[in-house]
Amino acid sequence: YAVSGSVWQKRDLSWRVESFPISLSQEITKQLIESALLAWSRESNLRFYRTTAEDADLRVSFLGGPHGDGYPFDGPGGTLGHAFFPGIGASAGATHMDADESWTYNEATGTDLFAVAVHEFGHSLGLTHSSAENSIMKPYYQGTVGKHQNYRLPPDDVEGIQALYGKLSPSLDATHDSITTAHLTLFSYTGRKIVHPAEKAPPAPTQRFVPPRGPTYRPGLPHPDRCSAHFDAVSSIRGEVFFFKNRYFWRVQATKQLVSLNPAHLGHFWRGLPPDLPRVDTVYERGNDSKIVFIAGTNYWVFKDTVVEPGYPRSLTDFGLDTDGVDGAFVWKHNKKTYFFQHNRYWRFDEQHGRMDPGYPRDSNLWLGLPPDVDDVISWTDGHTYFFKGAQYWMFRDGNVEAEPDSPHSITLNWMYCAVANPPEPTQLPEGRDQRGCTCHC
Amino acid sequence: GGNPNGRDISAGMDWLTRYGYLPPPDPYSAQQQTLDGLREAVKTMQKFAGLKETGILDKETIAMMHKPRCSLPDIIPSGYQRHRRKR
């Protein structure tokens, strides 16, 4: 067994169920919760009593999807529940079950609420996950444990709970037996509250604060969601593909593996961009010296590796571009020339000679199958050219100037590895309002 | 079997990070995991789950990652865990 390092400083703990699943009656749910707690109190000095008070020590809720604690639920299967370790704070003692599971008990089908509740209460009492063969604290759901009335904790978990709260003392044994009987009689629930002797003296709260674990214990920064982002710029740098959105970016390696599902912060990796720069329009790796060019508005910066060169920003007029910016830029591997795109036009720049090729701009519909106003373009290590716009991309095989017939494809599906192929269109609604126009009060 | 694609590796890294086998990504930099680091994380996960420790995202490992489970991490940073004891 393994312990979290925090315990309840009292032995009498109150509990209540704050919300219920739709697949089980409230009465059955309360019976199963009470029985799950009994599994732990039977082996230790702990005693549990049900209360209707909102400040109960252990609070069980059935919740769906994201619910504000950093551990979003994911519908049927996947994550089933979680509980917070003992300590002071709003979350301590909270036990959350995924409301979207098909909760059952003592059945081969569905998810056994009793088995999951015993596991989660182990966390509520201070135990962490165990790798022991038969432990109820193994992190993976192991199916039903049979009739809850007959359930006894495996030896590993008995040792764990006794290490935290001591063995059931003989003096309390008789009391515990009567409580046990009382609990069991409640399986034909009367709704009456168990009045426990410990209720006479209010339990003293623990003084130790233990922050919630997992995704929430690292300070989070608000960042865009890769699955709904329409990217500002996409760039092929050193064989990887960088997707930029606002002041963040994602990296996809040559193996097409996302380095991280969370984006990295632009200004802390690419050093030297203005701290108030809201976004970049395009980025490309120069063909002649492998330096990296960032373009935003009518300015550009040249980077040697990840640090900006002195003397920047400079104006796009250096390239002979007399525009108010560019949408995309890339170096085409088939002629080593740099292409700039804006709206329905494109230019070809000769980096070797530092001048724009004559005869440009041209109409971008010379790239057959390409929509106007692309977001960006890359020429990747596989030799193909990819144009990105919105949530889609168009592939031009090898040196072809005609899109593959099955284009466009989904960026979110094939590059960002999201479950949904088509994210919603960007909205002009202010922050806090969703696509349906509903105001969020969370 | 022993040759997972980019999607599996990305999902596997996300899973390993979520449950404490890999450090959380630094929001300020695009820190990459080394191949050795990833292999060790897979081995630890396999050991914890009672699987053969291959260090490879094989079929059994990916199947285990898809099993229903508790949301809390399996490995908690040592600073948070004060009294870990193994029998």
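Chain A is the first sequence line, chain B the second, and so forth, proteins listed ahead of strands; every chain is numbered from 1.
- Using a 4.5 Å cut-off between heavy atoms, A/Thr111 makes no contact with chain B at all.
- Taken from CG in B/Leu72 to CE in A/Met137, the straight-line distance is 8.0 Å, to the nearest 0.5 Å.
- For B/Ala11, no part lies near chain A; criterion is any non-hydrogen pair under 4.5 Å.
- Every side chain to side chain contact (heavy atoms under 4.5 Å, CB included) that A/Pro139 has, sequence neighbours left out, goes to A/His129, B/Phe48, B/Arg69, B/Asp74.
- Side-chain contact check for B/Lys67 versus A/Tyr141: every heavy-atom pair is 4.5 Å or farther apart.
- Residue with the most contacts toward chain B among A/Ala83, A/Pro76, A/Gly81, A/Gly77: A/Gly81 (heavy-atom pairs, distance under 4.5 Å).
- Of the two parts of A/His123, only the side chain, counted from C-beta on, holds a non-hydrogen atom closer than 4.5 Å to a non-hydrogen atom of chain B.
- B/Lys52 pairs by the side chain to side chain contact (heavy atoms under 4.5 Å, CB included) definition with B/Thr54, not counting sequence neighbours.
- Between the OH atom of A/Tyr140 and the NE2 atom of B/His66 there is a distance of 12.0 Å, given to the nearest 0.5 Å.
- Taking OG from B/Ser71 and CG from A/Asp74, the interatomic distance works out to 7.5 Å, rounded to the nearest 0.5 Å.
- With a threshold of 4.5 angstrom between heavy atoms, B/Met65 does not approach chain A through any atom at all.
- At least one side-chain heavy atom of B/Cys70 sits less than 4.5 Å from a side-chain heavy atom of A/Glu120.
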